[in-house]
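The block underneath contains the structure these notes are about, expressed in structure tokens.
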Amino acid sequence: MTLENGELRELVRKAVLLNAIQHDGKAQAGPIVGKIVGENQELKTKVRELSGLISELIEEVNSLSIAEQKQIVELKWPEALRKERVEEEKRLPPLPNADKYAQVVTRFSPNPDCVLHLGSARAIILSHEYARIYKGKFILRFEDTDPKVKKPVLEFYDRIREDLTWLGCKIDEEYIQSDRIPIYYEYTERLLRGGNAYVCTCQPEQFRKKTLASKPCRCRDLPEEEHLKRWRRMLEGGYAEGEAVVRVKTDLNHPNPAVRDWPALRIINTEKYPHPRVGSKYRVWPLYNMAAGLDDHLMGITHIIRGKEHLTNMVRQEYMYRHMGWGYPTAMHYGRLKITGAFLSKSKIVQGVREGLYKGWDDPRLATFAALRRRGITPEAIKKMIVDVGPKTADVTLSWENLYAYNRRILDPLSDRYFFVSEPIELKVRHVPRVFKAKLSLHPEQPEKGFREYTITPAGEERAVVFWVAQKDAENSEAGEIVRLMGLFNVKVEETKAYSVEASYASEAYGEARKAEARLIHWILVGEDLPCQVVMPDATVNEGIAERACEKLKPNTVIQFERFGFVRVDEAAPKLTACYAHK
Ligand SMILES: [Zn+2]
């Protein structure tokens with residue numbers, strides 16, 4: 001399809017107008033080119049002409065008020081605005097340079113030395129989401145090349161895969177760096193042969209002094225043959241740990257000394273520190289910048305999306321890319337995302353679980369995905385929160401409450417309601433005039449979900465009925481007070497004892513309760529009860545009683561215990577065990 005000039009102009013005008021409406025009336029050129037070319041591949045060769053036209057129309061459009069802009073769009077392309085509105089809700093800013101590559105490829109690259117936690121959510125979700133939006137590829141790469149200090153653990157490879165699946169992040173390709181050691185060796189040799197890397201045998205302290213003074217160490221300028229000889233000696237075991245490292249040449253005058261001739265490979269005594277996957281097969285191990293830097297190129301990563309603490313690593317790796325004659329991928333460095341109160345130290349999590357301080361990777365005190373999953377925090381809520389924060393470079397602080405708010409919006413329409421009585425005590429109601437049928441809706445706004453039904457039959461001369469109520473509700477009641485048993489009837493408290501409350505039937509109508517400003521309390525009929533324990537976020541256990549109707553709940557169901565909070569069911573019978581999510 002070829003566009004006539006007039007058509008092209010209209011197409012651009014539409015894109016500029018829509019962009020302006022999205023950005024408070026001021027269109028921005030960058031994303032517009034990408035969007036137009038993305039939707040009209042034949043314009044790929046006309047980017048320059050297009051850019052000129054865009055600038056021209058931006059000037060025109062930006063001089064209008066947002067109301068005028070909307071009016072034009074409503075009139076000419078009413079469909080567009082509606083579509084835009086739907087997409088607006090959760091959209092990430094366009095990926096820079098997306099049109100420069102045939103296919104967008106992103107990666108998430110954890111060290112399997114711990115399970116994943118909320119601190120990784122941003123890297124995972126942004127990388128996956130962008131790959132998905134641009135119909136690209138999402139790679140999982142295990143960076144497990146430190147068998148000594150950040151030692152990988154076999155069980156975590158699987159746990160990480162599980163976490164990604166749970167988050168809804170489909171892995172298109174997977175790599176494990178400990179399988180790729182010969183590849184790193186091959187490229188190291190290339191760098192050595194080109195004089196772009198060298199084997200340094202200096203004491204670390206000596207080397208540091210030299211680089212701080214912008215001076216080469218005594219190894220740097222030795223002939224290539226010497227370095228290749230040393231390299232072979234490294235591989236053959238001729239050096240002990242710490243006696244030799246391969247360094248990539250950078251600029252000894254680089255303003256940041258940490259960039260100057262960075263270490264690329266070092267020796268680890270794998271007899272003493274065997275790797276969990278490859279044992280003692282290798283003694284020379286690539287360091288982070290070497291392995292990640294090479295892999296990003298070799299795996300065709302087009303966009304590296306990571307925290308800004310990696311900025312210096314990019315500067316380091318760019319030297320290696322220049323030595324190899326490669327172009328560096330597009331890198332996006334987002335700001336720190338702090339979640340107040342979330343415990344995110346990997347080493348402390350691992351140590352705590354190993355020592356029994358935590359009851360497992362899903363201990364509710366942890367912010368691991370396993371723990372969030374167990375508590376009924378949905379992956380959709382995590383995703384929505386991360387997409388809303390986006391890839392911006394400013395630091396962001398969120399709280400658990402923020403995450404709960406996202407989660408509540410998802411759970412609220414889905415969760416059936418039940419009663420839970422914490423620390424139950426008996427409430428005996430006398431003089432109940434007849435049999436009552438309580439019909440409690442499973443969801444107040446969705447009557448189609450159905451009801452829980454209980455028949456309340458008074459017994460004996462006193463026409464008494466016995467209920468379980470929460471200690472907390474009972475404690476606060478005093479003789480003479482009217483309280484309403486939710487969805488049932490009103491009672492008058494007569495006497496409050498240590499382990500029971502005595503009351504008598506007052507009336508049925510809700511209006512009466514309102515008039516008396518009666519408190520609403522929830523209840524469970526004695527005999528229609530199911531023992532229940534809820535594990536709270538601080539790992540304490542709340543013992544109580546749930547309605548018998550909960551017996552049929554399936555594990556993993558999230559329900560709402562009214563006036564208590566959302567819980568995720570672990571097991572429903574013979575005892576209901578659940579984990580607390582939030583209010
Ligand atoms: Zn040296």
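Sequential numbering from 1 along the given sequence is applied to the chain's residues. First listed ligand is number 1; within each ligand, the first listed atom is number 1.
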> What residue pairs, at least two apart or across chains, pass salt bridge (charged side-chain N to carboxylate O under 4.0 Å, His left out) with a residue in residues 389-402?
Replying inline: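 Of all non-adjacent pairs touching residues 389-402, those that pass salt bridge (charged side-chain N to carboxylate O under 4.0 Å, His left out) are Lys308-Asp395, Glu401-Arg408.
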
> Please, which pairs that meet ring-ring contact (aromatic ring centres under 6.0 Å, His included) have at least one residue in residues 27-47, sequence neighbours excluded?
Replying inline: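 Passing the test, one end in residues 27-47: no pairs.
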
> Does anything in residues 232-247 pair up under side chain to side chain donor-acceptor pair (under 3.5 Å), and if so which pairs, sequence neighbours excluded?
Replying inline: Lys148-Glu241

> Quick one: does NZ or CZ of Arg409 land under 6.0 Å from the six-membered ring centre of Tyr406, within 45 degrees of the ring axis?
Replying inline: yes

> What are the protein N/O/S atoms, named by residue and atom, that sit under 2.8 Å from the Zn ion (ligand 1)?
Replying inline: Cys200 SG, Cys202 SG, Cys217 SG, Cys219 SG

> What class does the angle between the rings of His275 and Trp285 fall in, given that below 30° is parallel, 30 to 60° is tilted and above 60° is perpendicular?
Replying inline: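 His275 and Trp285: parallel rings.
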
>> By the definition side chain to side chain contact (heavy atoms under 4.5 Å, CB included), identify the one residue from Asp295, Asp296, Ile301, Ile171 that meets it with Ile139.
In response: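 For Ile139, the side chain to side chain contact (heavy atoms under 4.5 Å, CB included) check succeeds only for Ile301.
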
